[in-house]
Amino acid sequence: MPRHKWDPQTKATVVLQGLKGRPVADICTEHEISQAQYYQWREQFMKKMPGLFSNTERREQSLARENSRLKKIIGELTVELKKINGWSE
C-alpha cells in the first residue's frame, strides 16, 4: 500500500464519518487506511475539539470589546464634530 500524505480536511472528514456511525472497517477500506490509523486520527480530533469552542468564545469576547471601543471613539468624534460645526440636536 503506498504512503499518502493526508490533509487535515480529509482526516476530519474520515473521522466524522465514523463518528456519525458508519462502520470503521468500511471507512478504512474506502480510504485505504488501517483501522489503527483511523483511531489515531480520531484521538487527535477529539483532543482538539474543546479548543475549537474556547477559541470561538475568546474571539467573540475580543470582538465585543473592540466594537465597544470603536463605538466610544465614534461617539467622541461626533461630539467634537458638532462642537466644531456648531451643530445641535
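The first residue in the sequence is number 1, and the count goes up from there.
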Derivation of the side-chain contact (heavy atoms from CB on, under 4.5 Å) call for E66 and L70: CA-CA 6 Å; E66 180 69 4; L70 292 173; 3.9 Å; yes
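- Counting only heavy atoms from C-beta outward, the side chains of T13 and Q17 approach each other to under 4.5 Å.
- The backbone N or O of I74 lies less than 3.5 Å from a partner atom in the side chain of T78, making a donor-acceptor pair.
- Heavy atoms only, all atoms of each residue included: V15 and R42 are closest at CG2-N, 3.7 Å.
- Separating the CE atom in M49 from the CZ atom in F45 is a distance of 5.0 Å, to the nearest 0.5 Å.
- Atom CH2 of W41 sits about 4.5 Å away from atom CD1 of I33, to the nearest 0.5 Å.
- Note on V14: it clusters hydrophobically with L19, by side-chain heavy-atom contacts below 4.5 Å among ILVMFWY residues.
- With rounding to the nearest 0.5 Å, the separation of CZ in R22 from CG in L16 is 12.5 Å.
- Linking ILVMFWY residues whenever their side-chain heavy atoms come closer than 4.5 Å, directly or via other members, leaves I73 and L63 in distinct clusters.
- In terms of heavy atoms, S34 sits closest to C28 at O-SG, 3.6 Å.
- Within the model, atoms NZ of K11 and NE2 of H31 stand 13.5 Å from one another, a figure rounded to the nearest 0.5 Å.
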